[in-house]
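Computed from a prediction, not measured in an experiment: that's the story for all the values here. Whatever order the structure lists ligands and atoms in, that order sets their numbers, starting from 1.
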Amino acid sequence: MKHGIFLIVLISMICRADMNMSLGEQDSRMWETQALRLPWFTRWSCILDMQEPYAHWFVGGHINASYACLDIHIKNGKKNKTAIYWTNEQGGSGTVTYQELYQDVNSFAKYMRSCGVGFGDKVVIYMPMIPEAVVAMLACARLGAIHVVVFSGFSSQAIKDRIVDTQAKCIITCDVSYYRGKILNLKSIVDQALVDSDLERKVILIKRTQEPVGLVPERDLIYAKPEVKNLSLDPVPVESNHPLFILYTSGTTGKPKGIVHSTGGYLTYVFSTIEWVFGITPESIYWCTADFGWITGHSYGVYGPLMHGATIVLREGAPDWPDEKSWWKVIDQYKVSIFYTSPTALRMFMRLGPDLLQGADLSSLRVLGSVGEPINPEVWRWYHEQIGRKACPIIDTWWQTETGGFMIAPTAGSTMVPLKPGSATFAMPGIEASVVDSYGNPVPADTKGFLVIKKPWPGMAIGIYNNPALFKDIYWTRFSGMYYAGDYAVRDTDGYFWLLGRADEVIKVAGHRIGTAEVESIVLEHQSVAENAAIGISDPIKGEVIVIFIVLKHGYQVNQELHDQIINLVRTKIGSFATPKEIYCVEKLPKTRSGKIMRRLLKTLIEGCLIGDISTLEDDASVEEIQQVLQSADLYIKRVRI
Ligand code: WT7
């Protein structure tokens, strides 16, 4: 008895629940019940140890993500079930069973270990949407190594930054990838990223062609899939809070930040939410079109569906290549039941007219998801009527790299609320979301405010790699005791959430997150640029596109060459998806008295919206300052576009 009391006191001392961000008894029990559905090696001693802003879930429990995605299904007699259907632009296709995936992951993990990769090492993965990318991710997880997937549309600079920041021990890549009829030479992009690198690291190359590739002796290793089919490597049990991966995302600072996710809490959250929201089952044929380089590709492209033993579809290539019917043929060919994509892709297809869907039978579809940016009501309706034949719910999912999984979304897998086109509906079970004013007080219905989360959840990021202070600063400082998402939102009188876009200096181009500061610091590298400002303006397809304002240094001229050089600079430093749409050359940038660039005002000027209440345009500017800029609008938009 005495021991019992001692234990309770001890556990409650250890499991400090912060006064601000605490978890009720009911939520604790719910998350514990969910966690118990995963295969743990050892049970946790504490559900949540909250030391704001750090949440440690299932402390002391040991788990392995590759075991939860693979071994468990083999053990349950599902080894011959299809794990992956893959296809590509050239018409190639194939299937991978759970047993084959298990073998491939084991062989590759063994190989990685022989190359010196082990527990806690960081591994950069730069690969296209092919089964080998899944193998690479799960092999890292099997070893307790931490994967850092880099979107294959990123440039060598982006890879380099991530290698340097994480001190990655190894980079896994392919010789080539295929996109829009072109061959992209991934290995040479990695080579470029490693030029002048003084750090010792290995490049593991997975060859897809017979073409010779330049190899750097001692550094580059070609992986040859072994003939032996029964290589196995015991999964390394990791403590629940051991990082499963680091994924970089843009924010308001000049450099993307490495968001760190845990293993146990993250997997529990992703496992639960994919079931609640999409109603996934082992029978689902599930196609998430997001690249593995984004959080969607991690949570709901790999870990979520594989933990449930579902079949995933992978397609390498551009959505409209070789023709605009390609995607719809894939849905028909594999009888996809759950389809998850972005509003940008839908808007692109919607423009193409009624012939688009002819010849493709989409009757296998049950649930349609959307993510990455607000979905316009007309696009929502088109998705519902044309793709879903009015028979599938449209599941608009709001969440972020940092949240690990869905936060606000309809729950097609349990009780479904009536949908409203353009609204992500309600928060997940266990998630307390609210819309607040700049003081953190809840705003009345139908009033725009900042979206915050008031309770911890198992999918929440466990930090920013190498930068604990920034983690606190960005998400936890603006509103005390709340997670600040950086989005504007409104709740209607029925309590539905409507997401209205970023409230900070982040642009969403085709759903891809790009920080204005990131673009600006690149543009500033051009020798002629004295100052510049990047903004996002609305675009009928991509949601937003980048527009740049530059102030030239004395003695430099505006011309086409300068324009092209700046565009190229951004393309080569970030990637072609970040190509600016327009550049304006101005004599000065509008700034507040405290020196902040008035980006929202620039945006309003370019978009040509009439400004009603100008006082709400910039946090830091007086009405007079704004009026002054408006009066000199010519300076910003008319005479100087290049
Ligand atoms: C930002 C997060 C979540 C995975 C993909 C993007 C915007 C995301 C929605 C949605 C309106 C959305 C937000 C958010 N966003 N989903 N359904 N409706 N906006 O992850 O790159 O971390 O971007 O994307 O602005 O903050 P991410």
Between T173 (side chain) and Y126 (backbone), is there a donor-acceptor pair under 3.5 Å? yes
Show me which atoms of ligand 1 lie under 4.0 Å from any heavy atom of V371. 3 (C), 4 (C), 5 (C)
Just heavy atoms, cut-off under 4.0 Å: does T397 contact ligand 1 by side chain, backbone, both, or neither? backbone
Per-atom filter on ligand 1: closer than 4.0 angstrom to a heavy atom of D396 are 10 (C), 17 (N)
G372: heavy atom below 4.0 Å from ligand 1, yes or no? yes
Would you say P374 contacts ligand 1, with heavy atoms under 4.0 Å as the rule? yes
Whether the Y269 and S299 side chains hold a donor-acceptor pair (N or O, under 3.5 Å, no angle test) is what I'd like checked. no
Cationic tip of R315 above Y334 ring, under 6.0 Å, 45° of axis: no
Atom 22 (O) of ligand 1 [closest protein heavy-atom partner, distance rounded to 0.1 Å]: T401 OG1, 2.5 Å
Atom 24 (O) of ligand 1: the protein heavy-atom neighbour that sits closest, reported with distance to 0.1 Å: K508 NZ, 2.8 Å
Salt bridge present between E505 and K596 (N-O < 4.0 angstrom): no
In terms of side-chain heavy atoms, does S177 have a donor or acceptor partner in E316 at a distance below 3.5 Å? no
Atom pairs and distances, side-chain donor-acceptor, residues 242-252, under 3.5 Å, sequence neighbours left out:
| from | atom 1 | to | atom 2 | distance (Å) |
| --- | --- | --- | --- | --- |
| H242 | NE2 | G144 | O | 2.8 |
| Y248 | OH | D165 | OD2 | 2.6 |
| T249 | OG1 | R513 | NE | 3.2 |
| S250 | OG | R513 | O | 3.2 |
| S250 | OG | E518 | OE1 | 2.6 |

Does the side chain of Y484 come under 3.5 Å of the side chain of T477 through a donor N or O and an acceptor N or O? no
Short N/O distance, under 3.5 Å, between T249 and ligand 1? no
Establish, yes or no, whether a centroid distance under 6.0 Å links the rings of W457 and Y483. yes
Closest to atom 4 (C) of ligand 1 among protein heavy atoms sits T296 OG1, 3.1 Å
Can you pull out the closest protein heavy atom to atom 26 (O) of ligand 1? Residue, atom name and distance to 0.1 Å, please. D487 OD2, 2.4 Å
I need the nearest protein heavy-atom contact for atom 3 (C) of ligand 1: residue, atom name and distance, please. W399 O, 3.0 Å
